[in-house]
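These numbers were taken from a predicted model, which means no experiment stands behind them. Counting from 1, the numbers follow the sequence of the chain as shown.
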Amino acid sequence: RAIVRAGLALYAGNDDLLAPFLELGGAGGICVASHLIGTDMLHLCELAESGDFDAMHALDAELSSVYDALSITTNPVPLKAALELAGHAVGGVRLPLVAATDDQRGVVRAMLEQRGLLVTA
């Protein structure tokens with residue numbers, strides 16, 4: 001917990017770095033996945049705060065498929081696709097970004113199905 005002793009408020013900038021930062025005493029993260037699975041990301045932080053690092057690492061490993069799917073191309077392209085497939089009207093991306101390809105949407109859809117977040121019309 002050297003970060004805490006140094007008096008720094010360190011935030012992870014990548015979803016897959018949140019758990020290691022928390023274990024070192026980090027304050028939290030600026031995470032893409034939190035827009036989709038905010039409750040899980042909050043729970044990850046709470047587990048770290050309570051000192052239950054084994055449970056935190058287990059949850060982080062469970063969430064790795066979300067991190068992977070949301071990083072298959074430039075943010076926010078996969079996130080917007082995920083939110084749309086989860087039933088949220090978030091609109092498209094702005095140029096120079098382009099919408100997720102069918103293959104990218106397939107990766108995101110599979111992750112959502114695995115987590116029970118896919119909305120079917």
Side-chain angles (χ1 to χ4, degrees):
R1 314 272 314 182
I3 295 170
V4 173
R5 286 191 301 270
L8 300 174
L10 186 64
Y11 291 84
N14 285 3
D15 298 351
D16 61 344
L17 294 177
L18 179 59
F21 272 57
L22 293 172
E23 191 165 25
L24 292 171
I30 302 166
C31 300
V32 174
S34 63
H35 297 284
L36 182 66
I37 55 165
T39 303
D40 290 320
M41 300 299 280
L42 174 61
H43 187 56
L44 196 72
C45 294
E46 291 169 341
L47 288 169
E49 191 173 310
S50 72
D52 193 348
F53 296 112
D54 289 339
M56 179 197 71
H57 285 296
L59 177 57
D60 186 53
E62 179 187 323
L63 299 177
S64 68
S65 65
V66 178
Y67 308 153
D68 292 345
L70 295 180
S71 64
I72 58 172
T73 191
T74 305
N75 181 47
V77 173
L79 175 62
K80 284 193 172 241
L83 290 169
E84 177 190 324
L85 291 166
H88 304 283
V90 294
V93 295
R94 292 179 285 177
L95 292 174
L97 299 175
V98 295
T101 66
D102 289 341
D103 288 344
Q104 292 165 344
R105 287 178 69 83
V107 170
V108 169
R109 178 182 297 276
M111 176 271 295
L112 292 171
E113 285 176 345
Q114 177 190 33
R115 298 206 51 85
L117 297 172
L118 182 67
V119 172
T120 55

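- For the salt bridge (Lys or Arg N to Asp or Glu O under 4.0 Å) test, no residue two or more places apart in sequence or in another chain qualifies with Asp52.
- Smallest separation of non-hydrogen atoms from Met56 and Ala19: CE-O, 3.5 Å.
- Note: the hydrophobic cluster containing Phe53 also contains Leu47 (ILVMFWY, side chain heavy atoms under 4.5 Å, direct or indirect links).
- Atom CD1 of Ile37 sits about 7.5 Å away from atom CE of Met111, to the nearest 0.5 Å.
- Applying the 4.5 Å side-chain rule to ILVMFWY residues, one finds that Val98 remains a lone member of its cluster.
- Contact record, Cys31 with Leu18: SG-CD2, 4.1 Å, taken as the closest heavy-atom pair.
- Contact check for Asp60 versus Leu44: side-chain heavy atoms found under the 4.5 Å cut-off.
- Note on residues 33-48: pairs passing side chain to side chain donor-acceptor pair (under 3.5 Å), not counting sequence neighbours, are Asp40-Arg115.
- Note that the CG atom of Asp16 and the OG atom of Ser64 stand 9.5 Å from one another [nearest 0.5 Å].
- The two residues Tyr11 and Ala27 make their nearest non-hydrogen contact at CZ-CB, 3.6 Å.
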Give every donor-acceptor pair under 3.5 Å between a side-chain atom in residues 69-88 and any protein atom, sequence neighbours left out.
residue : atom : partner : partner atom : Å
Ser71   : OG   : Tyr67   : O            : 3.0
Ser71   : OG   : Asp68   : O            : 3.2
Lys80   : NZ   : Val90   : O            : 3.2
Lys80   : NZ   : Gly92   : O            : 3.2
Glu84   : OE2  : Arg105  : NH2          : 3.3

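- Contact annotation: the side chain of Leu36 approaches that of Leu112 to within less than 4.5 Å [non-hydrogen atoms, C-beta and beyond].
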